[in-house]
Amino acid sequence: MRIKVLLVIPNQEVQVVKIPPSLKFIKAFIGENLFRLKLNKDTILFANKDANLEDFNRIVGENIILGTFFVISIKNNCRVSMKKKDIRRYTNMFKLRKHKKKVDRYKEEYLEEYYSNQKEQKQKNAERNKKEIFKIAA
């Protein structure tokens with residue numbers, strides 16, 4: 001048995017796909033360390049906690065989702081096929097054009113800050129290493 005879910009890949013439009021309902025398949029496709037975000041009482045977003053920092057995908061509320069994710073319906077704690085109205089609702093919610101500008105702007109700001117912090121950290125480490133070498137040499 002397969003269920004209808006939404007697959008959202010970075011920089012691509014939302015796709016309706018049929019997948020096995022097993023958690024094992026979801027982990028194999030997305031990654032072992034799952035992040036679950038409840039969108040409403042019947043719908044959960046499954047993403048990878050360990051996704052690459054540069055794979056900004058969509059923004060949901062105050063959460064920035066990294067990497068590929070699934071949107072799946074839940075009924076009685078079981079993963080089930082999404083209804084047509086939910087497919088329409090979440091396809092519209094995750095349209096690429098709605099998120100592209102926000103994600104790009106946030107990505108620029110975040111990565112700029114991230115890389116400047118990395119540069120500062122390298123400079124501090126270089127200075128510390130230099131002092132250590134002078135202590136050992138003295």
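Keep in mind that this is a model prediction, so the values were computed, not measured.
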When rounded to the nearest 0.5 angstrom, what is the spacing between [atom1] in [X] and [atom2] in [Y]?
| X | Y | atom1 | atom2 | result |
| --- | --- | --- | --- | --- |
| Lys18 | Met1 | NZ | CE | 11.0 Å |
| Lys4 | Met82 | NZ | CE | 10.5 Å |
| Ser81 | Ile87 | OG | CD1 | 7.5 Å |
| Asn125 | Gln123 | CG | CD | 10.5 Å |
| Gln12 | Leu96 | CD | CG | 9.0 Å |
| Ile9 | Asn11 | CD1 | CG | 10.5 Å |

Under a 4.5 Å cut-off applied to non-hydrogen side-chain atoms, are [X] and [Y] in contact?
| X | Y | answer |
| --- | --- | --- |
| Ile72 | Ile3 | yes |
| Pro21 | Val80 | no |
| Thr91 | Leu6 | yes |
| Val5 | Val71 | no |
| Lys49 | Ile30 | no |

Run the numbers on Val8 and Asn57 for side-chain contact (heavy atoms from CB on, under 4.5 Å), then give the verdict.
-> CA-CA 8 Å; Val8 186; Asn57 194 343; 3.7 Å; yes

side-chain hydrogen bond (donor to acceptor under 3.5 Å, both in side chains): pairs with one or both residues in residues 29-44, sequence neighbours excluded |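 Every pair satisfying side-chain hydrogen bond (donor to acceptor under 3.5 Å, both in side chains) with a residue in residues 29-44: Asn33-Asp50, Asn40-Thr43, Asn40-Tyr90.
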
Show the numbers, then the answer: is there a side-chain contact (heavy atoms from CB on, under 4.5 Å) between Ile65 and Leu45?
-> CA-CA 10 Å; Ile65 310 299; Leu45 182 151; 4.1 Å; yes

Connected via hydrophobic side-chain network under 4.5 Å: [X] and [Y]:
| X | Y | value |
| --- | --- | --- |
| Val60 | Ile44 | no |
| Leu23 | Ile74 | yes |
| Val14 | Ile64 | no |

Could you pull out all residues at least two apart from Phe46 that satisfy ring-ring contact (aromatic ring centres under 6.0 Å, His included)?
->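 ring-ring contact (aromatic ring centres under 6.0 Å, His included) list for Phe46, sorted by chain: empty.
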
In sequence, state the C-alpha distance, the side-chain angles, and the governing distance for Leu34 and Ile26, and then conclude on side-chain contact (heavy atoms from CB on, under 4.5 Å).
-> CA-CA 9 Å; Leu34 289 180; Ile26 295 169; 4.2 Å; yes

Would you sort out whether Phe69 and Phe29 count as a side-chain contact (heavy atoms from CB on, under 4.5 Å), showing the intermediate values?
-> CA-CA 9 Å; Phe69 66 88; Phe29 195 88; over 6 Å; no

Where do Glu13 and Lys95 come nearest, in terms of heavy atoms and distance?
->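 Looking at all heavy atoms of both residues, the closest pair is OE1-CA, 3.8 Å.
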
